[in-house]
Enquirer: 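I have a structure I would like to understand better, so I am pasting it below and will then ask my questions one at a time.
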Amino acid sequence: MQKSSGSLYQSIYDLVCQVPVGYVTTYGRVSQLCGCTARTVGFAMAALPVGSQVPWQRVVNRLGKISLRTDGEGNLLQRDILEAEGICFDADQRINLANYGWDFADLS
DNA sequence: TTGTTGACTCTGA
DNA sequence: CTCAGAGCCAACA
């Protein structure tokens, strides 16, 4: 016992699930809330099981851009999903965190 | 247990 | 903001 890394993943997934539709968050934001570094959050997304119902697509890097996975295939799909959510992209395929960035502050 | 890798972030220029 | 270097944490062999 002593360790339960799975718990950490659950915390990350839970935080991501708290992000409302039409908003996005960054890895650093979740990493601080889950008590780990941004890399760990990205790792959790990489280990995210299929059909987990977790809107990982709403999680982007600090630049507001979608991080490309080793495959770089789902990335394009995610951009379409975010657009469907009502999020507008920049000319460089970047999201304006000033308007869509979720800070986990208005949870009440 | 050690070493490498990874969907990142921070600091400095 | 962008470029370059260093750091931190977790999983895998």
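These figures come from a predicted structure and were not determined experimentally. Lettering follows sequence order; numbering is per chain, from 1.
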Enquirer: Take the protein atom OH of A:Y27 and the nucleotide atom P of C:dA10, then report the distance between them rounded to whole Å.
Expert: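 So the two atoms are 17 Å apart, to the nearest Å.
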Enquirer: Between C:dC9, C:dC1, B:dA7, which nucleotide gets closest to the side-chain atoms of A:W56?
Expert: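 Given the options C:dC9, C:dC1, B:dA7, the side chain of A:W56 is closest to B:dA7.
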Enquirer: Counting side-chain heavy atoms from C-beta on, which of B:dT9, B:dA7, C:dA10 comes nearest to A:R62?
Expert: B:dT9
Enquirer: Looking just at side-chain N and O atoms, do A:D14 and A:Q18 make a donor-acceptor pair shorter than 3.5 Å?
Expert: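 Looking only at side-chain atoms, A:Q18 and A:D14 do form a donor-acceptor pair, the distance falling under 3.5 Å.
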Enquirer: Consider the side chain of A:N61, meaning its heavy atoms from C-beta on, and name the nucleotide among C:dC9, B:dA7, B:dT9 that approaches it most closely.
Expert: B:dT9
Enquirer: Of the listed nucleotides (B:dA7, C:dA11, B:dT9), which one gets closest to any side-chain atom of A:Y9?
Expert: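 Shortest atom-to-atom distance from the side chain points to C:dA11.
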Enquirer: Above 12 or not: heavy atoms from other molecules or residues under 6.0 Å from OH of A:Y23?
Expert: no
Enquirer: If you only use heavy atoms from C-beta on, which nucleotide in C:dA10, B:dA7, B:dT9 is closest to the side chain of A:T26?
Expert: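 Looking only at side-chain atoms, A:T26 lies closest to B:dT9.
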Enquirer: Can you tell me the distance, in whole Å, between the CD atom of A:Q10 and the P atom of C:dA10?
Expert: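 So the two atoms are 16 Å apart, to the nearest Å.
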Enquirer: Checking all strands, does A:R29 fall into the base, sugar-phosphate, or nothing category for heavy-atom contacts under 4.0 angstrom?
Expert: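 Touches nothing.
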Enquirer: Would the distance check show the side chain of A:Y13 and the main-chain N or O of A:A44 forming a donor-acceptor pair, the cut-off being under 3.5 Å?
Expert: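 Side chain of A:Y13 to backbone of A:A44, a donor-acceptor pair under 3.5 Å: yes, one is there.
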Enquirer: Rounded to whole Å, please give me the gap between CD1 in A:I12 and P in B:dA7.
Expert: 15 Å
Enquirer: Expressed in angstrom and rounded to an integer, what is the separation of A:M45 atom CE from C:dA10 atom C1'?
Expert: 14 Å
Enquirer: Report the nucleotide, chosen from C:dC1, B:dT9, C:dA10, that has the shortest atom-to-atom distance to any side-chain atom of A:L8.
Expert: C:dA10
Enquirer: Identify which nucleotide among C:dT2, B:dT9, C:dC9 has an atom closest to any side-chain atom of A:L63, counting heavy atoms from C-beta outward.
Expert: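 The closest nucleotide is C:dT2.
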Enquirer: Between A:R58 and B:dA7, is there a contact of a side-chain N or O with OP1 or OP2 at under 4.0 Å?
Expert: no
Enquirer: Quick one: A:Q32 CD to B:dT9 P, roughly how many Å, whole number?
Expert: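 It works out to 11 Å between those atoms.
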Enquirer: From B:dG6, B:dA7, C:dT2, pick the nucleotide closest to the side chain of A:F43?
Expert: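 Closest nucleotide to the A:F43 side chain: B:dG6.
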Enquirer: For atom CD of A:Q32, is the number of surrounding heavy atoms from other residues, nucleotides or ligands below 6.0 Å larger than 12?
Expert: no
Enquirer: Looking at every non-hydrogen atom in both residues, tell me the closest pair between A:T40 and A:I12 and how far apart they are.
Expert: O-CD1, 4.3 Å
Enquirer: Starting at atom CG of A:D90, determine the distance to atom C1' of C:dC1, rounded to an integer number of angstrom.
Expert: 12 Å
Enquirer: Please give, in whole Å, the distance from C:dA11 P to A:L48 CG?
Expert: 14 Å
